[in-house]
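Contents: one structure, followed by commentary.
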Protein chains: 2
Amino acid sequence: MLKLTRKVEYALIALRHIQSKGDENISSAKEIADAYGIPAQLLAKVLQQLAREKIIDPVQGPAGGYRMKKDLESINLTDFFELLEGPVGLMDCFFDSNCNQHAQCNIKSPILKINDSIRTLLDKMSVADVMK
Amino acid sequence: MLKLTRKVEYALIALRHIQSKGDENISSAKEIADAYGIPAQLLAKVLQQLAREKIIDPVQGPAGGYRMKKDLESINLTDFFELLEGPVGLMDCFFDSNCNQHAQCNIKSPILKINDSIRTLLDKMSVADVMK
DNA sequence: TCTTTATGGGACTTTTTTAGTCCTATTTAG
DNA sequence: CTAAATAGGACTAAAAAAGTCCCATAAAGA
Ligand code: FES
Ligand code: FES
């Protein structure tokens with residue numbers, strides 16, 4: 001409950017690693033996986049996703065890998081999480097709205113308040129903030 | 001990711017219901033389950049847990065049920081969540097510390113910061129706040 | 001006193017989500 | 001040409017969450 005997924009965790013680890021190597025160097029999925037004990041195939045997918053989202057730039061071929069593309073200051077955590085995991089909300093009701101069974105649910109709007117508070121908090125933090 | 005569990009959701013629904021009935025009335029698990037379309041057995045367990053935690057008072061026998069015991073103003077959300085679901089943290093590393101595979105993890109302390117922010121937020125809200 | 005309806009609670013099963021693997025294609029430096 | 005990298009679909013395994021089953025105990029009321 002209220003946990004981050006490994007996907008997000010791996011993405012953050014990788015981004016921090018890539019950033020620490022500087023703009024001139026490029027880091028491969030395998031290199032990062034080995035460095036942190038992350039399953040290589042899984043990390044590969046996460047990096048591919050980050051590349052699709054234009055956060056990192058892929059370089060193919062041997063000696064290939066990824067380098068930073070987007071400024072991490074410009075991505076807030078809500079967007080980052082949603083881009084990796086889809087809609088972020090404490091309950092599914094907020095986006096699905098197929099909550100037929102609880103027609104007279106008495107906590108939807110109250111929970112929405114907590115939800116908004118958390119989103120506001122995450123909105124105010126950038127991915128770069130997490131890496132300071 | 002970052003979701004509440006149904007257990008918590010059911011607990012909040014039930015507490016709000018019990019509170020709305022006032023101190024003199026008593027609400028049974030079945031009554032609440034029927035009213036909101038919640039599986040009765042499951043709700044029963046949640047209510048039993050709330051009773052063990054002295055949040056509600058059980059009344060046994062026919063015409064039994066539960067009535068409010070603790071003032072909901074006095075329970076903050078962090079405590080409430082943890083009492084139902086155990087430690088709340090974005091990653092297991094914060095309590096387990098058996099994170100052997102990521103010996104050189106580079107995001108532990110940064111994530112801890114987000115975690116603290118969320119906890120602080122939840123600390124400041126009481127269960128009663130959720131029901132306003 | 002018996003029956004019925006409630007809570008209490010262990011053990012289990014099912015479902016859903018998350019995590020991880022496998023396999024094949026494409027790109028490209030050397 | 002080959003080796004090492006990204007790209008990505010399909011699948012399997014593991015873990016977590018949700019729900020069910022079953023029996024025990026309590027007590028109100030006929
Ligand atoms: S359970 Fe869906 S709105 Fe409350
Ligand atoms: S993965 Fe456990 S501390 Fe980072």
Side-chain angles (χ1 to χ4, degrees), chain A residues 1-11 13-14 18 25-34 37-67 69 81 84-92 96 98 101-102, chain B residues 1-11 13-14 18 25-34 37-67 69 81 84-92 96 98 101-102:
Chain A
M1 184 192 155
L2 287 177
K3 289 239 167 24
L4 256 39
T5 59
R6 293 244 196 262
K7 226 162 114 182
V8 168
E9 201 177 318
Y10 295 159
I13 290 176
I18 291 169
N25 296 290
I26 106 179
S27 322
S28 75
K30 186 168 187 317
E31 167 195 332
I32 301 174
D34 287 350
I38 298 172
Q41 302 259 40
L42 189 49
L43 178 63
K45 287 194 190 315
V46 173
L47 292 174
Q48 283 162 30
Q49 196 169 352
L50 293 175
R52 276 196 302 270
E53 303 288 349
K54 315 283 188 204
I55 293 175
I56 53 182
D57 243 349
V59 179
Q60 285 205 328
Y66 300 90
R67 65 165 65 87
K69 181 172 194 182
F81 290 167
L84 285 168
E85 297 288 350
V88 168
L90 295 178
M91 303 196 312
D92 289 329
D96 283 14
N98 59 347
Q101 46 179 181
H102 303 156
Chain B
M1 185 191 155
L2 287 177
K3 288 237 167 28
L4 254 39
T5 59
R6 292 241 195 267
K7 225 163 115 182
V8 167
E9 202 177 317
Y10 295 160
I13 290 176
I18 291 169
N25 294 290
I26 117 180
S27 322
S28 74
K30 185 167 188 317
E31 166 195 333
I32 301 175
D34 287 349
I38 298 171
Q41 302 259 41
L42 190 50
L43 179 63
K45 287 195 189 317
V46 173
L47 292 174
Q48 282 163 29
Q49 198 171 351
L50 293 175
R52 276 195 302 271
E53 304 288 347
K54 316 282 188 203
I55 292 175
I56 53 182
D57 242 349
V59 177
Q60 286 206 326
Y66 299 91
R67 66 166 63 89
K69 181 171 194 182
F81 290 167
L84 284 168
E85 298 288 350
V88 168
L90 296 178
M91 304 195 314
D92 289 330
D96 282 16
N98 58 348
Q101 48 179 180
H102 303 156

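Per chain, numbering begins at 1; letters A, B, ... match sequence-line order. Keep in mind that this is a model prediction, so the values were computed, not measured.
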note = Heavy-atom nearest nucleotide on DNA chain C taken for A/Gln41 and for A/Leu4; more 5' hit belongs to A/Leu4
ask   = Counting side-chain heavy atoms from CB outward, which of C/dC22, D/dA18, C/dT7 is closest to B/Tyr66?
value = C/dT7
ask   = Taking atom types as they are modelled, is there a donor-acceptor pair under 3.5 Å from the base of C/dA6 to the side chain of B/Gln60?
value = no
inquiry  = Tell me the closest heavy-atom pair linking B/Ala14 and B/Leu47, and the distance in Å.
reply    = CB-CD2, 3.7 Å
query = In terms of the nearest nucleotide of DNA chain C, which residue is placed more toward the 5' end: A/Pro62 or A/Lys7?
reply = A/Lys7
message = What I want to check is whether an N or O donor and acceptor connect the side chain of B/Lys45 with the base of D/dG19 at under 3.5 Å.
response = no
ask   = Base, sugar-phosphate alone, or nothing: which one does A/Ala29 contact when heavy atoms must sit under 4.0 Å apart?
value = sugar-phosphate
task = State whether the side chain of B/Lys7 and the backbone N or O of B/Leu84 hold a donor-acceptor pair below 3.5 Å, judged by distance alone.
result = yes
key: From C/dG9, C/dT21, D/dT6, nucleotide with atom closest to A/Ser28 side chain   = D/dT6
inquiry  = I'd like to check B/Asn25 versus B/Ile18 (side-chain heavy atoms, cut-off strictly below 4.5 Å). Are they in contact?
reply    = no
Side chain to side chain, B/Asp92 and A/Lys3, heavy atoms closer than 4.5 Å = yes
key: Protein-nucleotide distance (B/Arg6, atom CZ; C/dT14, atom P), rounded to Å   = 19 Å
ask   = Looking at C/dG8, does its base get a donor-acceptor pair with the side chain of B/Gln48 below 3.5 Å?
value = yes
